[in-house]
Amino acid sequence: VTTSLPLLRAGVRLYGEAAGDLAGWSVAGVRDVNGDGLDDVLVGAPGSDRAAPDGGASYVVFGRPEGGRIELADADIIYEGGTPGERVGHDVADVGDLTGDGLIDFVLTAGSAPADSDGEEANGSAPTAAYIVSSGARGATPVSNLRIIRETIGAPGGFDVAGPVD
């Protein structure tokens with residue numbers, strides 16, 4: 001016996017900001033960020049043009065008891081990739097409180113990090129990066145808190161992350 005459930009009947013539906021933003025490319029359940037007793041969700045959209053063409057974005061949506069349609073443009077926290085082609089949100093995860101400030105931190109990977117004096121390649125592209133960002137932000141926030149760049153340019157890196165281990 002096979003049963004099917006049309007996705008339009010799902011309890012909660014998250015909608016990206018624009019066609020091609022790849023919203024939902026990565027999704028992670030995260031602990032209760034805002035203290036309301038409900039777990040929250042972190043959604044990556046590496047193709048988002050929110051702050052720059054293909055800069056990418058990641059969205060935190062606070063849990064809510066009622067279901068329905070949720071627009072990611074109205075997310076409770078938005079992390080924006082501000083460099084064209086950065087593709088923030090390729091992978092996302094809750095990583096606990098890495099900074100010791102009592103707030104949940106997230107890791108957001110980027111397919112290409114902004115070039116800097118230490119990491120720019122001869123052809124102008126930059127290495128992959130992973131950003132550690134705090135859940136204490138509200139509204140739209142650039143991903144600039146901390147950048148971890150792989151050491152070997154051209155080697156795969158920054159595309160697979162997982163949450164904390166107890």
Side-chain angles (χ1 to χ4, degrees), residues 14 16-18 20-34 39-63 70 72-166:
L14 302 172
E17 292 193 71
D21 67 3
L22 305 176
W25 182 272
S26 56
V27 178
V30 298
R31 287 168 286 157
D32 182 13
V33 172
N34 61 335
D39 287 338
D40 305 316
V41 67
L42 176 61
V43 179
S48 172
D49 296 333
R50 183 178 177 83
D54 285 334
S58 296
Y59 305 83
V60 177
V61 177
F62 295 157
I70 298 171
L72 290 179
D74 300 325
D76 299 289
I77 305 172
I78 303 171
Y79 302 100
E80 302 174 331
T83 301
E86 189 172 15
R87 304 184 68 76
V88 167
H90 188 278
D91 208 352
V92 297
D94 168 344
V95 291
D97 180 11
L98 295 180
T99 57
D101 61 3
L103 299 171
I104 298 168
D105 297 318
F106 306 122
V107 64
L108 315 173
T109 67
S112 177
D116 60 30
S117 60
D118 296 324
E120 187 168 312
E121 289 185 271
N123 68 3
S125 62
T128 300
Y131 295 96
I132 307 298
V133 295
S134 173
S135 65
R138 293 294 181 266
T141 304
V143 287
S144 59
N145 298 42
L146 176 61
R147 181 170 53 172
I148 303 169
I149 300 176
R150 69 170 187 250
E151 294 186 16
T152 306
I153 294 173
F159 290 112
D160 214 5
V161 295
V165 176
D166 288 332

Hey, is the main chain of [Y] close enough, under 3.5 Å, to the side chain of [X] for a donor-acceptor pair?
| X | Y | result |
| --- | --- | --- |
| Asp40 | Gly63 | yes |
| Asp97 | Gly102 | yes |
| Asp54 | Arg87 | no |
| Asp105 | Ile132 | no |

Minimal non-hydrogen separation, [X] against [Y], with atom names:
| X | Y | value |
| --- | --- | --- |
| Ala45 | Ala23 | CB-CA, 3.7 Å |
| Glu86 | Ala110 | O-CB, 3.3 Å |
| Ala52 | Pro84 | CB-N, 3.7 Å |
| Pro46 | Leu22 | CD-O, 3.7 Å |
| Asp101 | Leu103 | OD1-N, 2.9 Å |

I need the [X] [atom1] to [Y] [atom2] distance, nearest 0.5 Å.
| X | Y | atom1 | atom2 | answer |
| --- | --- | --- | --- | --- |
| Arg31 | Asp39 | CZ | CG | 9.0 Å |
| Phe62 | Asp76 | CZ | CG | 4.5 Å |
| Asp49 | Asp21 | CG | CG | 8.0 Å |
| Ser58 | Ile77 | OG | CD1 | 11.5 Å |
| Arg50 | Leu72 | CZ | CG | 10.0 Å |
| Leu98 | Ile104 | CG | CD1 | 11.5 Å |

Between Tyr59 and Glu80, a side-chain donor and acceptor under 3.5 Å: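 No, because no side-chain N or O of Tyr59 sits under 3.5 Å from a partner of the opposite role on Glu80.
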Would you call [X] and [Y] a side-chain contact if the rule is heavy atoms closer than 4.5 Å?
| X | Y | value |
| --- | --- | --- |
| Phe106 | Val95 | no |
| Val41 | Val60 | no |
| Val107 | Val92 | no |

Step-by-step side-chain contact (heavy atoms from CB on, under 4.5 Å) determination, Leu108 to Leu42: CA-CA 10 Å; Leu108 315 173; Leu42 176 61; 4.2 Å; yes
